[in-house]
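Below is one structure, written out as structure tokens; comments come after it.
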Amino acid sequence: MERSMSQPKSMDAIMALCKRRGFIYQASEIYGGINGFWDYGPLGAQLKKNLREAWWQDMIMNPAWGRKGPNGERVRCVPLETCIIQHPKVWEASGHVGGFNDPMVDCKESKGRYRYDHVMVFVPESGDPGDKPVFAYVGDQPSEAKQRKKAEKTFGAVRSVALSSLPQPWTRVIGPDAEKPGTLTEPRMFNLMFDTIPGAIRDEANKAYLRPETAQGIFVQFKNVVDTTRVKIPFGIGNTGRSFRNEVTPRNFTFRSREFEQAELEFFCHPSESQDWYRFWRDFRMEWWRSIGLAGENLILREHDKDELSHYSQGTSDVEYRFPFTAPGFGELEGIAHRGCYDLTQHQEHSKVKLDYFDTTRGETLPNGGKKGERYIPHCIEPAAGLDRGALALICEAYTRDESRPSPEILRFHPRVAPIKAAVFPLVDKDGMPEVAERLADELFRRFGRDGFIETDAKQSIGKRYARMDEAGCPFCFTIDGDTLKDQTVTARDRDTGQQQRIALDKVAGFLAERLA
RNA sequence: GCGGGUGUAGCUCAGUGGUAGAGCGUCAGCCUUCCAAGCUGAAUGUCGCGGGUUCAAGUCCCGUCGCCCGCUCCA
């Protein structure tokens, strides 16, 4: 089969490979699994760690690969690690509590879903419908006029009451878009946030939330970082870790999980420079994903339309990947948002703690040559990536079926993220080859073992061993053969092409070092 | 939440109400000088889970859970 971009990859095959080779397992599988939760096996755990490390290196320790920012200076970032559980008021300030606690009712007939507090009902003026059904509607929706007409035909004069004022179950209520009565479900809370109760004695008053994003931890500690680390605007604070969201419908393998890991940077800058920084990060993030293997046309940058933007945002872009299950559409890997001064302002209001910044490089020049300074709430650019989605995209992009090869399934990971960095094989398990292989493996272990696995294998045929490594995504195999003993050279075999070349035994580590960067 | 599909070995899947199977993979031994080669052997299953019908259930019925697809939802 030709490899072609239009040929969709089979998600079933990818999921089977993930299980077979120990990338991803269902969480609590022996108990039947738990909806929306996934575990990483040995190779998956290392793949994701490599992804997280790459992000950490390229976003915090050596941001944007050492490039100069739009201000002409080296980009500066610092790390932070904040708690999953924060003060409940953090989520009030961020808007997560207020926005997403609405009870909803579903209609079994029309499949509609309505906000409970928006549903009204036409009842007879007297308030007593007897045995007759009453008519629910949603204000300013087509259902209002339609239901009024029916209600007036049934009762004559009618008045409106809230659905919540009627006793449950609503067996005689006809849903806004339904024909038959009794199809509305009881109201259900759609809490996007998980809650929990800290403290050994259970007391609802102490309710706290598992964070739905890592970003708020950064805003909440912004002042501490400024006060204790000599950072100066512009600078960024990076934070990675687990977040939790009660997705309505976990779906599509690990793409929409209820527990997931984020890597978020909040980059603080002067309002006047914020658009430049927004474009800087947006473009760099796209380039970065490309650099670790999402190089094809499956990756796109999508600028949000004006009507898609939050009211405070002056620009948002998504880095999106065409997963097999979204094709021909795309799924979000990362959002880069210009958040203005929204978050710091919110936390300043709710906490009553000043979160502005005194910028000594701005303001009018004083007679002594210094600056008067300017006080402002920094604007913030937020590149927020999903590491699990990233890992899944890396797997999907790497997955290749090539029927022309004896082992058709290959994971073509970029060497930087590949969980297995190299394999060392004795061509046959005798004649002094195993000993040489062992010594070479030891050397590679010392040099590269912290970045990923170094595999050795002497069992079965060489073809099978290559095939196993192809399927696990190992980019390079080194094989010791009879000639090695005579001239100190080995075969270096490339995963993607299957081609091999002879290189000197003592050059193997250097060969690998060049290619793993 | 609704509808459809599905669940049997690590993976892919067969399996007429009557003793749980195959291929691949895995492991061991032999063989093997470069691409899942060959030979011999081995291990691996509460047939997703729980009820029910039946002399007898992987198979029929009910419930439940997970996964996939489509709607719905998606800060």
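The sequence lines fix the lettering, A, B, ..., with proteins before strands; numbering per chain opens at 1.
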C1' gap between B:rA9 and B:rC27, integer Å: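 The answer is 15 Å between these two C1' atoms.
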Euclidean distance, atom CD of residue A:E320 to atom P of B:rC74 [Å, nearest integer]: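 Those two atoms, CD and P, are 17 Å apart.
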Ignoring the backbone of [X], work out which of [options] is nearest its side chain.
X	options	result
A:P408	B:rA36, B:rU33, B:rC67	B:rA36
A:H96	B:rC69, B:rU32, B:rA75	B:rA75
A:D429	B:rC34, B:rU32, B:rG29	B:rU32
A:N35	B:rC67, B:rC69, B:rU12	B:rC67
A:Q500	B:rA36, B:rG66, B:rC34	B:rC34
A:M15	B:rC35, B:rC67, B:rG10	B:rC67
A:R251	B:rG1, B:rG29, B:rG66	B:rG1
A:F325	B:rC69, B:rA75, B:rC35	B:rC69

Touch class at under 4.0 angstrom, heavy-atom based, for A:R405 against every strand present: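 Nothing, no nucleic acid heavy atom in range.
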Sugar-phosphate, base or nothing in reach of A:Q26, heavy atoms under 4.0 Å: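 If one applies the 4.0 Å heavy-atom cut-off, A:Q26 turns out to touch the sugar-phosphate alone, with no base involved.
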A:D12 or A:E409, whichever maps to the more 5' nucleotide of RNA chain B: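 Residue closer to the 5' terminus by nearest nucleotide: A:E409.
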Earlier contact from the 5' end, RNA chain B, for A:R256 and A:S407: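 The residue whose closest nucleotide sits nearer the 5' end is A:S407.
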Partner nucleotide of B:rC67 by Watson-Crick or wobble geometry (both distances under 3.5 Å):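 Checking every strand shown, B:rC67 finds its partner in B:rG5, with both distances under 3.5 Å.
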If only side-chain N and O atoms of [X] are considered, is one of them under 4.0 Å from the OP1 or OP2 phosphate oxygen of [N]?
X	N	value
A:T491	B:rC34	no
A:N252	B:rC69	yes
A:K19	B:rG10	no
A:K464	B:rC35	no

Polar pair under 3.5 Å, donor/acceptor by atom type, side chain A:Q460, base B:rA36: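 No.
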Pair A:S313, A:T316: side-chain N/O donor-acceptor within cut-off below 3.5 Å: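 Indeed, the side chains of A:S313 and A:T316 share at least one donor-acceptor pair under 3.5 Å.
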A:F268-A:F222 aromatic ring centre distance below 6.0 Å: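 Here the rings of A:F222 and A:F268 have centres that are less than 6.0 Å from each other.
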Distance flag, aromatic centroids of A:Y321 and A:F323, threshold under 6.0 Å: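 Judged by ring-centre distance (under 6.0 Å), A:F323 and A:Y321 do meet the cut-off.
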